[in-house]
Amino acid sequence: ERGSDGALNIIMWQAPSTMNPYLSGGTKEIIASSMTLEPLAGMTPEGEHYTRLAAEIPTLENGGIAEDLKSVTWKLQEGLKWSDGSPVTAEDVVFTGQYCMDPNGGCSQLAKFEGIESIEAVDDLTVRINFTDAMPDPYSAFVGSQSPILQKVQFENCLGANAPTCTDQNFNPIGTGPFRVTQFLTNDVITFEANPEYRDPAKPAFATATVKGGGDAAAAARAVLETGEFDYAWNTQLAPDVIAGMEQMGRGKVSAAFGSLVERIHVNLTDPSSSHPEGERSTEAHPHPFLTDPAVRQALSMAIDRQLLTEIGYGTSGQPTCNYVPAPEAWASDNTECLTQDIEGAKALLEEAGWTVGGNGIREKDGVQLRMVYQTSVNAVRQDFQALIKQWWSEIGIETELKTIDASVFFGSDPGSPDTLQKFYADVQMYADNFEGGNPAPYLAKWTCDKAPSPANQWQGENISRYCDPAYDELMAELSRTVDPAERAEIGKRLNDMLTKESNAIIPLVYRGTASAHSNTLGGVQLNAWDSEMWNVADWTRVSQ
Amino acid sequence: MTETERQHQLSVAETVDAAAAQAGAATALPPDDPLHAGGETRSQWRDIWRQFRSHKGAIVALVLFVGIILFVLVGPLIWTIDPTYVDIRARNSGFSAAHPLGTDQLGRDMLARLMAGGQVSIAVGLTAMIIAVSLGSLIGLLSGYFRRLDAPLMRLTELFLALPLLPLLLLMVTLFREPLSQNFGPALGIFILIVSAIGATSWMQAARIVRGDVLGLKEREFILAAKSIGTPAHRMILRHVLPNVLSPIMVAATLGIATAIITESALSFLGLGFPPDFPTWGRLLYDAVDQMIQYPSRVILPGVFISLTVLCVNYIGDGLRDAMDPRIRGR
Amino acid sequence: MDDKPLVSIENLRVEFETSDGVVVGVRDVTFDIKPGECVCVVGESGSGKSVSSLSLMRLVEFGGGTIAGGRLMFEADDGRVIDLAQQSLPAMRDIRGNQIGMIFQEPMTALNPVFTVGEQLTEGLIVHRGLKKSDARARALEILRQVRIPEPERRLDQYPHELSGGMRQRVVIAIAMACEPRLLICDEPTTALDVTIQAEILALIDRLKREKQIAVLFITHDMAVVAQMADRVVVMYRGNKVEEGPVAQIFENPREDYTKMLLAAVPRLGEMTGKSAPERMRLMRDGSVSAPEPIIVKDPRPLLTVRNLTTRFPVKGGLLRRTMARVHAVEDVSLTINAGETLSLVGESGCGKSTCGRSILRLVEPESGRVSLDGTDILALSPGDLRRARRDMQMIFQDPFASLDPHMKLYDQVAEPLENFGIGSRSERKDRIAALFDRVELPRSFMRRYPHEMSGGQRQRIAIARALALNPKLIIADEAVSALDVSVQAQVLNLLMELQGDLGISMLFISHDMAVVERVSHHVGVMYLGRIVEMGTRRQVFENPQHNYTRQLMAAVPVADPRQKKISEDLKFKPIPSPIHPVDYQAAPSVYREVAPGHKVLVEPSTHH
Amino acid sequence: MLTFTIRRLLLAIPTLLFISLVIFLLLEASPGDPLADVPLTVPPEVRERMREALGLGSPWYVRYVLWLKQFFWVEPLYWFDQAFGTQFSAGMQRIISFQSRSPVFDIIAQRVPQTLTVVGFSYLVGILIAIPIGILSAYRQYSWFDQIGTFVSMIGFSMPTFFTGVVLIIIFGVKLQWFPSVYDTTLVVRDWDSFLAQVRQMIMPVTVLALYNAAQISRFMRASMLDNLRQDYVRTARAKGLSERTVVLKHVLRNSLIPVITVIALGLPTVFGGAIITEQVFKVNGLGQLLITAIHGNDIPMVLTLTFMFAILIVLFTLIADILYGILDPRIRYD
Ligand SMILES: Nc1ncnc2c1ncn2[C@@H]1O[C@H](COP(=O)(O)OP(=O)(O)OP(=O)(O)O)[C@@H](O)[C@H]1O
Ligand SMILES: Nc1ncnc2c1ncn2[C@@H]1O[C@H](COP(=O)(O)OP(=O)(O)OP(=O)(O)O)[C@@H](O)[C@H]1O
Ligand SMILES: [Mg+2]
Ligand SMILES: [Mg+2]
């Protein structure tokens, strides 16, 4: 029964800064706002679509998707009400599209609205989205917690440049979700109460909810697993033995959901050496002296024990992987040969390629020594990985210098800084990345030749490895023309294999889940890596142990 | 009576031999016992050392400190395990013969890491502290002593106090990491970067304190007297002002070491520190905090070393201060 | 008179630990004081007088000394006789300030620099007498009046550094007397006071002694004061008591050589009558008295000329310390000193003598006027030139302890001026400093000591040695010999005069001791309220004083003869005019009347009647 | 002194302007990007548009002047309007945070209370225990009290708060369950119970911070007291028969206060700056946490405004310290 289970306490150590996901692309904001705002459809933990505000998922079969793939029509459920009691109409959906697509608004979710020509309200409960070109994957806008529906009445004056001035609206959006905001303190605490207008009168079970921010992952996990002050902690990425120690208290446990996040090493195919003038470092003007040798790249990959890395760094919330695209099922290549470490094989490979051990134990050929700079962001697990991998590489005769960079610099794409991910002034670098929703195509599209970062594009390119293979570009073009899901997946696997096992331009290490801790007294939790973790917060209940 | 004779006579009276003096005083005026006249001043440093030696706490601290230094410098020559060597099979092992102080989560030997970490931490702590305290004292002395410099220097201090540290440090890395490591090699380059970063951002307190003391001191009559004998400003500052403000400087120095050691570990989280596999006490401590319950020795050991170093420095500082203060000296 | 002694010191021995080992401050001293009696302790500088008295208060311990032997018997106010050396600290607390009051030798350092005179004065009253703040203040005011501080209301709110040396000394006296203790220890209480005020203070002490049956332990170098004050005299020499007896006996019939030498060296006012040039001091060495030699400068040429010098200090008040008024410390002063000659400045305490001296050296910035030394305009010099110019002009500060760096060894303090001007090599400097130590009668072993390990007189000699180190052309000696016993004083004065003769040093000699002034000076200026009221050659001023104030001064000089006691006479207290004026006050220029060639007397404004 | 104060206050204006410019340029030049948080999946064109929406399109001097105007004109007007119900600031753009897209000053106002209660209170506690400890340690130099005090304060100072804080949490939060490990910023003290809850949640952070502050201040206090205890005027005070208490607490203390005042005055603005690590350990989301998240998020308006307010406090407190010097030691002259 609604409101019968008292208070729900959630801790998110990275605190949400706004309730409007269109103004911040961060996961934390999306999770928080998903308690209040809802899209037309969401994703299940299995990666399938399910209806939220929509009456049904539009498909080709039910005519929701036009035959030419140039439009999609959504029908809203009947009788939906905003938490202020007013009805939800197609106008709200249209308005939301207008809101995000306003060129002055700086909408963070603009990518979701890519390719949309117009959005129109067919009637009170029907919306049609028209695309400029045929859209093989039309479940982008208004699907998933990244692009929920805003109330037109509330946000009417917040279009474009006015978006940031609407603090009240951004902090207290009127939604259709199970909870509504009672108080929002940015980067600190959000308190919610059950939405009296929620469509299921029996839900949510909790009368109030609090999302507390601050602290760090360990502290958040401790608050759930050890002191029991909180019911749920998001993103408790900790060393497995620490988690195990905390779980011993018997108050709760940590579980993980697997989406598409892969921790991997990128190999720089261009030369980052500082001997080149600024502007030419790490550009195709200078190919890398030894990483362009496929044997070296393969040896790098072979020397790594992914099993051990996973065990040490992630425990149950990770799986060793050789894939760049590990999910969805259909897209995941059965590429497993890298999973066993093969130091001897790596040595032999290098030997064969002419890299012989020099006097100081470092392999060399033609005066080129295998010395590398290996950079990543500051993060305890990554630093452990660095140490381990450095050791393995040294065993095969490659010397590595480690370097760490503050995350906000590394991931910030400031063209002025030499330490960004895109500039890649190192030989190899490690980070994790994923894609949202169920469509890996844009994710794979990053590796075409033209996307290599360079001064020409202010270092904003996405092809971090500077991988360039005309065959890949061609196959990519084919993918974008293909509509049939099975066929698409097949092409995707081929692309994945080209990036990983064939070229080793990307060396995947661990398929990471997102770990969250929850109390044993909290029922109904079902982690979801494809959507907000709070996707089913309406179903959460208090259970006795 | 010649000058020398008179001098003899005075010296006799001053000798500690009470009986002789008593006899002399009772009978006639001083006897003309030739006795050497102690003329020269003994070296001030010898004096200070003599006094320092009598300070028990300081001596114990000095011995301990030398012990720590030997541990981190000579230790690695005896215990030759590479502190960065990953022995994954031995990870998280407790105290054993192979690893007297256990290993960390990757199986790196803690003893070796503590020794290697100590080298960096102590070097960084001492150097950064020296930079900060000298810079601070210099600015404090100048602005306290020269009225004309006071306003600009103090405004500069305010500016530095107001600058947000993190962006400043990040900027420093961006600008200087590469040139420095190219010119001095990666290790020394980063060392220079770290100590100057810490030094450049922590001198302000010392400067303000010294200035405050100098302002009061400047109005003392002996400063006026020194001026009247034509003491030039630099000597005035070094010989008259500085020794009289030494004790707060000493405290600032002691506290400065502790902060520098901790700050160093914080810097590595900005990617400003030494390479990530390279241990320092501060970082060992930080890394182990999460595992405090499972492996308490991993926090306790670096913690003890940091505290011990700081305590030693504090007692040595105390001893030095006492030894420098003529009013305490001799007791 | 009661015959039971109030205090008796028995076989007192006090030791100090220094870096050179144990130093004995007092070896073996025994004497006692009865109520209503004044015992004067005289003796060589550094002979342990101050240490003995500090021991009585049990304060030597805080200065690093230990009472190594002996007893200090004291009859407490409840009639018990207790050994002060054995008392607990709380018990001592009740005795200090309450039953025993002490006047310290160096008033500058004895006063807390951050509290006003009033606060420091009322404290004891509040503790021991349980007075309310306002009552204590009223009483403080009364005592300040008794010790003849001008404008006591204002002074109560001033800080020690704003007072003249003599005023500070009077504040210390006031603190000691505030609670009317039964034993008053006076350690050189009047060295910084001019004779008129000294006479008044002495009279005050004498009256207290007689009326309240206070016992007084009086330490002084001024034999004239001894003669005036003492009932009994104790003579000390190098940590021992060498002689003791009733005052008349000591003066007329000294037994010990040292006492004889001491008395022989006492300068007496009027000795120089009829002589035009100053003479060296009489000194008895090995039983013979050295012959006087007059110091005559062949053709006097002005070295220092000061014209219309004016220096004023702001008086701050209120929370924000705004300038409320100004002290006209030096007002329109003009004087000339010839090369090789001595000009003495005498005058009332607080009249601006020290300030005048400091202004000449630009140690305080004068408001206006002209100072030229050997042709250079001092007031126009840049800081760098001023520093170089200071090689030629040196000052001996009035308060030696305050003017020595507490962190520096004596050797370094004396070496400093030489180093400043890069004079001599290291070893030359060493020799020179050793010679300087010899000349000021300090053992060379003292070079390694620190200022606080010295007696008052010893510190003063260090200050003198430092000033002499550079062989300057001009020395401003501000009460330079007041803390020295007469024999050392005579030696030091002779040294100065010797140098004057040899090197042609000029001296501005600021002193209260009229007999010394008469002996050493070529010219004399009498200051009063910031102005020079009379100026002339020594003979003119001493033999034919014209200004009222000068006459008063002469009349008040004590006589070193116990039979001619002057202090018991009733002194008529005159109100002392104040040098403090509102900020907008316009001071009138000084107008002089020339009595005889070179003998000028102030007529306008008439300050003294 | 009055003229000195006025002169300094006037001088503070250009000083602060200059400081703000330097901070602004520093933030501009330092690497980092307000969009670092945006997932890598967002394509570069979208990023570019988001950046422009933040106003990052215009040159730096325009943005600086705009900020100046907002800080010195719009914000005061806005507060005025709030207070008197007027409409002067209508339509003017306030300073907006990049991260939350809300007015910076509103967020700061939200954070000030919790920072003041925790950090401010701990500073107060720190001072209150440091001064007596410093005095006593100096007075009884090398007594057991002094030794223990030295030991504790050096340990307290050399152990970083990220360590001591976690130790406290594990002992008192996890094992004993006496105090909450998470600070509840929404707690409103209304009655006795909520007051107790507030006290309970404040105990640990206040202890950690107070220990750290006290360690530092007491060392300076002790050193300075030692310097003054041997002066001659102390002898005079004793000769007056004053109790040791008065001698030490009045005569010596006042002479010793200058370095301590300096340390305290320098520390007070940092109260406003919050205690970044302690706030994080105990989840007290005060100004420290605000600043650090803003820095990590490259939220330039927020960082600039916070640091600038911090700078104002620094300038103010150094002035106060200077005035206090003059009051404490009458010999100090400024003009
Ligand atoms: N703290 C100290 N440490 C070492 N020696 C000291 C100390 N205080 C005094 N003395 C020595 O003790 C002796 C006696 O000193 P005291 O101050 O009693 O002399 P005094 O008779 O008062 O001389 P003066 O007339 O010059 O003041 C001197 O030789 C002095 O150097
Ligand atoms: N720094 C100062 N601030 C304010 N007033 C001062 C200051 N120094 C001296 N005075 C005042 O100036 C006047 C003259 O002082 P000065 O020291 O020159 O007297 P003096 O003639 O040397 O007296 P004494 O013989 O007592 O040493 C006194 O009224 C004194 O209070
Ligand atoms: Mg004496
Ligand atoms: Mg004087």
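Convention: sequence-line order gives letters A, B, ...; per-chain numbering from 1. Computed over heavy atoms, backbone and side chain alike; hydrogens, waters and symmetry mates excluded.
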Specify which of [options] makes the most heavy-atom pairs with chain D at under 4.5 Å.
| options | result |
| --- | --- |
| A:Thr167, A:Asp188, A:Leu185 | A:Asp188 |
| A:Asn20, A:Leu110, A:Thr18 | A:Leu110 |
| A:Lys212, A:Lys451, A:Gln460 | A:Lys212 |
| A:Gly26, A:Ala223, A:Pro418, A:Ala219 | A:Ala219 |
| A:Asn170, A:Thr420, A:Val189, A:Asp168 | A:Val189 |
| A:Thr210, A:Thr227, A:Asp216 | A:Thr227 |

Give, as side chain, backbone, both or neither, the part of [X] having an atom under 4.5 angstrom from any heavy atom of chain D.
| X | result |
| --- | --- |
| A:Asn187 | both |
| A:Gln14 | neither |
| A:Asp406 | side chain |
| A:Phe171 | side chain |
| A:Glu226 | both |
| A:Cys166 | neither |
| A:Pro442 | neither |
| A:Lys112 | neither |
| A:Met249 | side chain |
| A:Phe113 | neither |

Requested in this report: Considering only heavy atoms and a distance below 4.5 Å, find which of D:Arg101, D:His296, D:Gln99 pairs most often with chain A.
Outcome: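 Of D:Arg101, D:His296, D:Gln99, D:Arg101 has the most heavy-atom pairs under 4.5 Å with chain A.
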Report task. For chain A, find which of D:Gln93, D:Arg111, D:Gln114 contributes the most heavy-atom pairs closer than 4.5 angstrom. Result ->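 So the answer, after comparing D:Gln93, D:Arg111, D:Gln114, is D:Arg111.
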Query raised in the report: For the residue pair A:Thr236 and A:Ala233, what are the closest heavy atoms and their distance?
Result: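 Of all heavy-atom pairs spanning A:Thr236 and A:Ala233, the closest is CG2-CB, 3.7 Å.
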Requested in this report: Please report the C-alpha distance between D:Ile107 and D:Ser102 in whole Å, then the side-chain angles of each, then the deciding distance to 0.1 Å, and finally whether the side chain to side chain contact (heavy atoms under 4.5 Å, CB included) criterion is met.
Outcome: CA-CA 8 Å; D:Ile107 309 175; D:Ser102 65; 3.2 Å; yes
Report task. Tabulate, in ascending numerical order, the residues of residues 171-196 of chain D having at least one heavy atom closer than 4.5 Å to a heavy atom of chain A, or enter 'none'. Result ->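 Under the 4.5 Å heavy-atom cut-off, D:Gly173, D:Val174, D:Gln177, D:Pro180, D:Ser181, D:Val182, D:Tyr183, D:Thr185, D:Thr186 qualify.
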Query raised in the report: What part of D:Ser97 gets closer than 4.5 Å to chain A, counting heavy atoms only: side chain, backbone, both or neither?
Result: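 Answer is neither: D:Ser97 stays 4.5 Å or more from chain A.
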Query raised in the report: At a heavy-atom separation under 4.5 Å, does D:Gln289 approach chain A through its side chain, its backbone, both, or neither?
Result: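 Only the side chain of D:Gln289 comes within 4.5 Å of chain A.
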Does any donor atom in the side chain of [X] or [Y] lie under 3.5 Å from an acceptor atom in the other side chain?
| X | Y | value |
| --- | --- | --- |
| A:Asp419 | A:Ser417 | no |
| D:Tyr64 | D:Ser20 | yes |
| A:Gln109 | A:Gln146 | no |
| A:Asp433 | A:Tyr324 | no |
| A:Thr27 | A:Trp234 | no |

Expected output: side-chain [X] to main-chain [Y] donor-acceptor under 3.5 Å:
| X | Y | value |
| --- | --- | --- |
| A:Asp231 | A:Ser519 | no |
| A:Thr208 | A:Glu193 | no |
| D:Asn213 | D:Ala210 | no |
| A:Glu29 | A:Ser17 | yes |

Query raised in the report: Should the ring pair D:Phe308 and D:Trp67 be called parallel, tilted or perpendicular, given that the plane angle runs from 0 to 90° and is split at 30 and 60?
Result: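 Ring orientation, 0 to 90° scale: perpendicular.
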Report task. Could you tell me how the ring of A:Phe435 sits relative to the ring of A:Trp530: parallel (under 30°), tilted (30 to 60°) or perpendicular (over 60°)? Result ->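 Plane angle between 30° and 60°, so tilted.
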Report task. For side chain to side chain donor-acceptor pair (under 3.5 Å), just list the numbers for A:Thr191 and A:Thr182, CA-CA rounded to whole Å, side-chain angles, deciding distance to a tenth of an Å, and then say yes or no. Result -> CA-CA 6 Å; A:Thr191 51; A:Thr182 48; 2.9 Å; yes
**Report entry** Inter- and intrachain pairs under salt bridge (Lys or Arg N to Asp or Glu O under 4.0 Å), touching residues 73-89 of chain D, at least two apart
**Finding:**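 Of all non-adjacent pairs touching residues 73-89 of chain D, those that pass salt bridge (Lys or Arg N to Asp or Glu O under 4.0 Å) are D:Glu75-D:Arg94.
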Query - Residue pair D:Glu28 / D:Arg63, side-chain heavy-atom distance below 4.5 Å - result: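 SC-SC contact between D:Glu28 and D:Arg63 confirmed.
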